[in-house]
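Everything below concerns the one structure shown next.
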Amino acid sequence: MERPRSSATSALSFYIHIPYCSKRCGYCDFNTYTPKELGTADLALITTPYVDSAINEIELAKHQVGQAIVPTIFFGGGTPSLMPSGEIARLISSVRENFEISSEIEVTLEANPDTITEKYLSEIFAAGVNRLSMGMQSAVSHVLAALDRTHDPANVKQACEIAKRVGFKHLSVDLIYGVPGESIADWQTSYETAFSLPIDHISAYALIVETGTKLAAQVKRGELVMPSDDETAEKYLAFDGAAERAGFAWYELSNWAKPGGHCRHNIAYWNGSYWWGIGPGAHSYLNGRRWWNVKHPTTYQSAISGGQSPEANSELLSEENMRAEFIMLQIRMKEGIELARLDSRECEQAKSFRDSGHIDGEQWHSGRLVLTPSGRLIADRIVREMLV
Ligand SMILES: C[S@@+](CC[C@H](N)C(=O)[O-])C[C@H]1O[C@@H](n2cnc3c(N)ncnc32)[C@H](O)[C@@H]1O
Ligand code: SF4
């Protein structure tokens, strides 16, 4: 169980998983559980013991890593905004007590616009959360219904206004496009609505039909029809152009930001920095080793209360794995990859995508591999062909 302490670790980001949602959305296969699935009528009854376990894991991180500076903390889910503000405060305090905190720390919390009140936001802001990421998904009611989402689109605007009043400078929304029944005009309505909000960041994801979800069953039965890949690609390109015109610059495959609005936590991840994932199913990466925790909250808590590590499995990354990972992650970014980091075969493969307009010719000329908007749509294929 004991892992060697790392003397080389200077920065360590924390991802803290909150594995609860009031209801599971039809498209989602995240590692999250509803009160019904957990056999409780009230989430409040289980959150305190869960946070106790998560704090034990933060202490385990301290024991194994030693000293580190924490530049970012990200509360993801699930629905972290279901967690009482006092519990969020306890988790942040534990990171503070065990590690040095960067003076510019970014602390993000994923929030469901339905659950937000001014009192709650003031309390988590006072506890140190300084960035909110809201699950907006769409501004069109029938699209939200196809996604099986419960919130009223007007709640997002109200939640952003409350957050601004409370003092949050950094606000982000998640959008989903390529939803059954969503027209190009519906998608435009959604993103134009997002642009009108007082936010500095947008994540836009193409809907993925995950195996085993309610959505997958509806699509299989023919009740919902997924749009064609061409239409979804058209939506990506339309969004990208409109976002740039609205002042949100593209910086990662699915992310756009106004100046200063980039999510530093995700950038650390894409840059291959070290991070520790707290909670069931959370992944961690440190010194060429990747590991992940047991998936179910109950198993996680039992491991911790029995004095065991919650780790389910791990892998050591070889030099070759690390290089492949570097290419896979860096190609997603606006800065792309320095050509000098590629070997001659990878460069040759990439050249054919440059010639077909998927890789930017001018950037190539100045020594970098940067995807064009059409290249971003086939990023996975480009990586696959470069790495064969
Ligand atoms: C953990 S959730 C965000 C917070 C909160 N649980 C919510 O949904 O409002 C992360 C994001 O992943 C995206 N997502 C989840 N499942 C997806 C799927 N099947 N296809 C595309 N995006 C998905 C959604 O945009 C969602 O907002
Ligand atoms: S999309 Fe968000 S709110 Fe919906 S089930 Fe998944 S994690 Fe929960």
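Side-chain atoms are counted along with the backbone in the values below, which use heavy atoms only and exclude waters and symmetry mates. Numbers for residues simply follow the sequence, beginning at 1. Whatever order the structure lists ligands and atoms in, that order sets their numbers, starting from 1.
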| said: atom 8 (Fe) of ligand 2 and Cys21: any N/O/S contact shorter than 2.8 Å? | reply: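 Checking Cys21: at least one N, O or S atom is under 2.8 Å.
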Which residue holds the protein heavy atom closest to [atom], what is that atom called, and what is the gap in Å?
{"atom": "atom 4 (Fe) of ligand 2", "result": "Cys25 SG, 2.3 Å"}
{"atom": "atom 12 (O) of ligand 1", "result": "Phe30 CZ, 3.5 Å"}
{"atom": "atom 2 (S) of ligand 1", "result": "Glu110 OE1, 4.0 Å"}
{"atom": "atom 25 (O) of ligand 1", "result": "Gln137 OE1, 2.8 Å"}
{"atom": "atom 11 (C) of ligand 1", "result": "Asp174 OD2, 3.3 Å"}
{"atom": "atom 23 (C) of ligand 1", "result": "Ile176 CD1, 3.8 Å"}
{"atom": "atom 17 (C) of ligand 1", "result": "Tyr27 CD1, 3.6 Å"}
{"atom": "atom 5 (C) of ligand 1", "result": "Gly78 O, 3.7 Å"}
{"atom": "atom 13 (C) of ligand 1", "result": "Tyr205 CD1, 3.9 Å"}

Under a 4.0 Å threshold between the charged nitrogen and the carboxylate oxygen, would [Y] count as salt-bridged to [X]?
{"X": "Arg264", "Y": "Glu104", "result": "no"}
{"X": "Arg323", "Y": "Glu319", "result": "no"}
{"X": "Arg289", "Y": "Glu311", "result": "yes"}

Under 4.0 Å from a heavy atom of [X]: give me the atoms of ligand 1 that qualify, with their elements.
{"X": "Gly77", "answer": "1 (C)"}
{"X": "Ile208", "answer": "18 (C), 19 (N), 20 (N), 21 (C)"}
{"X": "Ala206", "answer": "20 (N), 21 (C)"}
{"X": "Thr79", "answer": "6 (N)"}
{"X": "Arg149", "answer": "7 (C), 8 (O), 9 (O)"}
{"X": "Leu207", "answer": "20 (N), 21 (C)"}

| task | Could you tell me which non-hydrogen atom of Thr79 sits nearest to which non-hydrogen atom of Asn112, and how far apart they are? | result |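 Smallest interatomic distance, heavy atoms only, reads CG2-CB, 3.6 Å.
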If you group Ile, Leu, Val, Met, Phe, Trp and Tyr by side-chain heavy-atom gaps below 4.5 Å, do [X] and [Y] land in one group?
{"X": "Ile327", "Y": "Trp364", "value": "yes"}
{"X": "Leu329", "Y": "Trp291", "value": "yes"}
{"X": "Ile331", "Y": "Leu317", "value": "no"}
{"X": "Phe326", "Y": "Val383", "value": "yes"}
{"X": "Ile58", "Y": "Phe75", "value": "yes"}

| request: Flag Cys21 as yes when one of its N or O atoms lies below 3.5 Å from any N or O atom of ligand 1, and as no otherwise. | output: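 No - when backbone and side-chain N and O of Cys21 are compared with those of ligand 1, no distance drops under 3.5 Å.
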| Hey, is Pro80 touching ligand 1 through its side chain, its backbone, both or neither, going by heavy atoms under 4.0 Å? |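 Looking at Pro80 and ligand 1, no heavy atom falls under 4.0 Å.
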List ligand 2 atoms under 4.0 Å from [X], heavy atoms only on the residue side.
{"X": "Tyr27", "value": "1 (S)"}
{"X": "Gly78", "value": "7 (S)"}
{"X": "Arg149", "value": "1 (S), 2 (Fe), 3 (S), 4 (Fe)"}

| atom 6 (Fe) of ligand 2 to nearest N/O/S of Cys28 below 2.8 Å |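 Checking Cys28: at least one N, O or S atom is under 2.8 Å.
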Is the centre of the [X] ring less than 6.0 Å from the centre of the [Y] ring?
{"X": "Tyr15", "Y": "Trp275", "result": "no"}
{"X": "Phe74", "Y": "Trp276", "result": "no"}
{"X": "Phe248", "Y": "Phe195", "result": "yes"}
{"X": "Trp256", "Y": "Tyr251", "result": "no"}

| request: Find out whether the Lys NZ or Arg CZ of Arg131 is both under 6.0 angstrom from the six-membered ring centre of Phe168 and within 45° of the ring's axis. | output: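 Not flagged: Arg131 not positioned over aromatic ring of Phe168.
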| For ligand 2, which part of Thr79 has a heavy atom less than 4.0 Å away: the side chain, the backbone, both, or neither? |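 Looking at Thr79 and ligand 2, just side chain atoms fall under 4.0 Å.
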